[in-house]
Amino acid sequence: MAVTVSIPTILRTHTGGEKAVEAKGNTVAEIIDDVESRHSGLKARLVKEDKLHRFVNVYVNDEDVRFSGGLDAEVSDGDTVTILPAVAGGMR
Amino acid sequence: MLQIRRDLVDAIVAHARKDHPDEACGVIAGPEGSDRPERFIPMLNAARSPTFYEFDSLDLLKLYREMDANDEVPVVIYHSHTATEAYPSRTDISYASEPDAHYVLVSTRDPETHEFRSYRIVDGVVTEEDVEIVDAASPEASPTESYMFANTGSDDKPDS
């Protein structure tokens with residue numbers, strides 16, 4: 001068993017167009033490292049100075065990991081990790 | 001070029017007016033590959049701010065799951081500027097991450113007239129594009145207007 005990682009359109013250049021990839025790991029950080037080992041360049045788009053980049057949201061199943069430990073959030077076999085770019089902006 | 005139905009333009013403007021002076025935001029989804037905005041989905045601005053907008057993260061997850069299930073993509077991503085022109089800010093550009101989407105900006109700084117403009121934002125580069133408003137009944141056949149740059153109109157009759 002492994003974890004399914006759902007990849008947003010803008011990052012599919014790193015996964016050869018794949019919408020979802022499989023990965024192994026016990027935390028979000030380990031999952032990202034595992035995906036990075038096969039799809040290089042992805043990690044730099046997600047992580048900055050050991051924290052999740054503010055432009056992306058990462059979910060374990062239905063939970064935004066920002067509220068459940070960030071990169072240390074736990075992941076179990078069969079979980080789905082979803083990566084989505086934040087939709088935000090402003091006048092400045 | 002963005003081709004969009006008049007009723008969808010009206011819905012975006014009405015949402016922007018309703019939330020003024022806070023920024024309003026949302027999506028118009030359409031069939032994948034069609035470049036045709038069809039389903040109007042107003043979103044809550046989780047920031048509830050006159051200078052910033054952000055889709056709530058759980059609403060965002062729900063939205064993308066729903067679009068995935070329907071084979072839809074966000075054809076239009078819109079938000080309002082309530083005190084400045086309808087042009088993408090530095091913040092807008094740094095967050096923009098749907099290279100295939102039309103980024104629509106509406107300015108409600110004038111209480112009588114609005115600006116409705118559309119852009120592509122790819123790798124930090126902003127390109128304004130034409131907006132063609134079509135009648136709801138025959139979106140393919142009868143474009144009623146086509147214009148570029150600084151579109152303005154009164155709110156009850158958006159584009160005359």
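A pairwise comparison of heavy atoms in A:Ala88 and B:Tyr95 identifies O-CB, 3.1 Å as the closest pair. Heavy atoms only, all atoms of each residue included: A:Ala86 and B:Ser97 are closest at O-OG, 4.2 Å. Of all heavy-atom pairs between A:Met91 and B:Glu23, the closest is N-OE2, 3.3 Å.
Neither the backbone nor the side chain of B:Pro88 comes within less than 4.5 Å of any heavy atom of chain A. Residue B:Thr51 touches chain A through both its backbone and its side chain, counting heavy-atom pairs closer than 4.5 Å. Interface residue A:Tyr59: only side-chain heavy atoms are found under 4.5 Å from chain B. Interface residue B:Leu60: backbone and side-chain heavy atoms are both found under 4.5 Å from chain A. Using a 4.5 Å cut-off between heavy atoms, A:Arg66 makes no contact with chain B at all. Looking at B:Thr82, there are no atoms closer than 4.5 Å to chain A (heavy atoms on both sides), in backbone or side chain.
Side-chain heavy atoms closer than 4.5 Å link hydrophobic residues (I, L, V, M, F, W, Y) into clusters, and following such links, even through other members, never connects B:Val106 to B:Tyr53. Residues B:Tyr119 and B:Leu2 fall into different hydrophobic clusters, defined by Ile, Leu, Val, Met, Phe, Trp and Tyr side chains chained together at heavy-atom separations under 4.5 Å.
To the nearest 0.5 Å, atom CG of residue A:Asp62 and atom CZ of residue B:Arg65 are 4.5 Å apart. Here the CG-CG distance, from B:Leu61 to A:Asp64, works out to 8.5 Å after rounding to the nearest 0.5 Å.
Most heavy-atom pairs under 4.5 Å with chain B: of the set A:Val56, A:Ile10, A:Asn57, this distinction falls to A:Ile10.
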Requested in this report: Give the C-alpha distance, both sets of side-chain angles, the deciding distance and a yes or no for side-chain contact (heavy atoms from CB on, under 4.5 Å) between B:Ser57 and A:Phe67.
Outcome: CA-CA 11 Å; B:Ser57 73; A:Phe67 308 111; 4.2 Å; yes
